[in-house]
There are 2 protein chains.
Amino acid sequence: MQHRTETRERILEAAASVFADKGYHDALIDEIGRRTSMSKGGLYFHFPSKEHLFFAVMDRLANKLVQRAEKAATGGSTPLNAAEEALVSVLNELSTHKRLARLLVTQGYSMGSAFEAKRSEVFERFAAVIVDKLEKAKIAGEISDVDTDLASRVWLGSLNEVVVHWLFSNGTSPKDAAPELKRLLVASLRSPSGSASGGVPES
Amino acid sequence: MQHRTETRERILEAAASVFADKGYHDALIDEIGRRTSMSKGGLYFHFPSKEHLFFAVMDRLANKLVQRAEKAATGGSTPLNAAEEALVSVLNELSTHKRLARLLVTQGYSMGSAFEAKRSEVFERFAAVIVDKLEKAKIAGEISDVDTDLASRVWLGSLNEVVVHWLFSNGTSPKDAAPELKRLLVASLRSPSGSASGGVPES
DNA sequence: TAAAACCGACTGGCTGGTCGGTTTTATAAA
DNA sequence: TTTATAAAACCGACCAGCCAGTCGGTTTTA
């Protein structure tokens, strides 16, 4: 039987929850073992180190989220709308999975500099999705000639901050802020001096 | 002689640099001692714990930055312009003090949950400055009727992300991005359906 | 001469990772 | 089907390094 992948998945799941709860540094391998009903030795049979395990968790989550974002973008009526859909889908996903949000947005830093590269990589993947849509929106004349790279950082930074604020303040779900946030971000991209070439349906 | 404050300041300075370089967790008290030419015992005479020391460092930096931002805002020709000036001043300050940027923007998380409250507090102080100016700008008719609280988070989130990207990618100074960033952020606040009531000089 | 400031060897708790050994599974010969 | 056996998977007591914080003692200052 091919239990291999199955077991790895079980470990990844437990590790994600522990990392999300405690942060990288305060997460204990033994705790992950407890939640997996597996000994430390067993864990280390599947992953060579705590660091590898953490990265595997990050990759798994990032993949899921990026996939979801890309799929959501597919449903967009226009490139700009696709970008909006991608943004909102991520916001929704994080809203309903607080642990995941914690993990992705804050809990990695305690790892030290090694995390920076991974954080960068994950954000870059999201940024790439946004940039792609915005570039197309630019060509389609939906938005003005802005620096899409910078714009993507504005989008992600805003998203990040909204989520962080939610995590730390126990306020209302960031999902509620989505419409207004979308409005703000899109408004910043519209042609400054008059109308875009194509009338575009609102989402 | 009143060496007390002086010495405290020296320690704070050294601690800031060590925390910025290594992050909270990897920063060693002994290293701070080395850079202060003071023994561990001496350090502990002035600060009761590593955590207290870190918080003191954070407070000191936050105060400096907020003061600078508020002063910069004073020079604004209009409320909106004041908000822009505040934003740019912070961006400039962080651009020229990479260590300070690291410390404020990422290195605290490794402390664990205790840091969250402090991070929140510091960001909230900046947000308050922005919100204040934007509210006035709203009254002055410079901007449309947006959620200034959310807008402040968009501003700070964008600022944060631009800085983080700079820190992790060794790209060009975020100062260079300031004009375009300012344009994007301000554009998102203009009246959506036509012109604002007052013509406003560009900064 | 007392209080403040400083020293630095030492300790105690902690936890990632190891490793010799045990159990389970897959494969194959009997 | 049963037995043999090698490999894979798992176990958990133990080790080793790390470092914040302590404390009895010394030096400096008022």
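Quick note: numbers below take in every heavy atom, side chains included, and nothing from hydrogens, waters or symmetry partners. Proteins get letters first, then strands, A, B, ... in listed order; numbering begins at 1 in each.
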Quiz prompt | Qualifying residues under ring-ring contact (aromatic ring centres under 6.0 Å, His included), relative to A:Phe115, sequence neighbours excluded | solution = A:Tyr109

Practice problem: Name all residues meeting the ring-ring contact (aromatic ring centres under 6.0 Å, His included) criterion together with B:His25; count only those two or more places apart in sequence or in a different chain, and write none if there are none. | Solution: A:His25

Quiz item: In B/S/- notation, 5' to 3', how is nucleotides 8-13 of chain C contacted by protein heavy atoms closer than 4.0 Å?
Solution: B-----

In this structure, how many angstroms lie between the [atom2] atom of [N] and the [atom1] atom of [X], rounded?
| X | N | atom1 | atom2 | value |
| --- | --- | --- | --- | --- |
| A:His3 | D:dA9 | NE2 | P | 11 Å |
| B:Asp26 | D:dG17 | CG | C1' | 14 Å |
| B:Phe45 | C:dC7 | CZ | C1' | 13 Å |
| A:Ile29 | D:dC11 | CD1 | P | 15 Å |
| A:Arg10 | D:dC10 | CZ | C1' | 11 Å |
| B:His52 | D:dA20 | NE2 | P | 16 Å |
| A:Leu53 | C:dG17 | CG | C1' | 13 Å |
| B:Leu43 | C:dA5 | CG | C1' | 12 Å |

Practice problem: Please determine if a side-chain N or O atom of A:His46 lies less than 4.0 Å away from the OP1 or OP2 oxygen of D:dC10. | Solution: yes

Practice problem: Output yes when at least one side-chain N/O atom of A:Arg4 is less than 4.0 Å from OP1 or OP2 of D:dA9, else no. | Solution: yes

Self-check item: Electrostatic pair A:Arg102-B:Glu116, nearest N-O below 4.0 angstrom
Solution: yes

Self-check item: Electrostatic pair B:Arg35-B:Asp21, nearest N-O below 4.0 angstrom
Solution: yes

Exercise. Just jot down the side-chain contact (heavy atoms from CB on, under 4.5 Å) partners of A:Lys175, sequence neighbours excluded, or say none.
Key: A:Asn92, A:Ser95, A:Thr96, A:Ser173

Self-check item: Those residues that, when tested against B:Val131, pass side-chain contact (heavy atoms from CB on, under 4.5 Å) (two or more places apart)
Solution: B:Glu135, B:Thr148, B:Asp149, B:Ser152

Exercise. Please identify each residue that fulfils side-chain hydrogen bond (donor to acceptor under 3.5 Å, both in side chains) with B:Glu161, with sequence neighbours left out.
Key: A:Arg119

Quiz item: With respect to the side chain of B:Met38, which nucleotide from D:dG21, D:dA8, C:dC6 is positioned closest?
Solution: C:dC6

Quiz item: Side chain of B:Tyr44: nearest nucleotide among C:dG16, D:dG21, C:dA5?
Solution: D:dG21

In chain order, what residues pass the salt bridge (charged side-chain N to carboxylate O under 4.0 Å, His left out) check against [X], with sequence neighbours excluded?
| X | value |
| --- | --- |
| B:Asp132 | B:Lys136 |
| B:Asp176 | none |
| A:Arg34 | A:Glu31 |

Validation: residues 39-47 of chain B side-chain donor-acceptor distances under 3.5 Å, sequence neighbours left out:
from	atom 1	to	atom 2	distance (Å)
B:Ser39	OG	B:Gly41	N	3.4
B:Ser39	OG	B:Gly42	N	3.2
B:Lys40	NZ	B:Asp30	OD2	3.4

Practice problem: Strictly below 4.0 Å, heavy-atom distances to any atom of DNA chain D: list the hits from residues 14-25 of chain A, or just say none. | Solution: none

Practice problem: Examine distances only and state if a side-chain atom of A:Asn63 and a backbone atom of A:Asp59 form a donor-acceptor pair shorter than 3.5 Å. | Solution: yes

Self-check item: Bracket string, DNA chain D, 5' to 3' - pairs by Watson-Crick or G-U geometry under 3.5 Å, | interstrand
Solution: ||||||||||||||||||||||||||||||

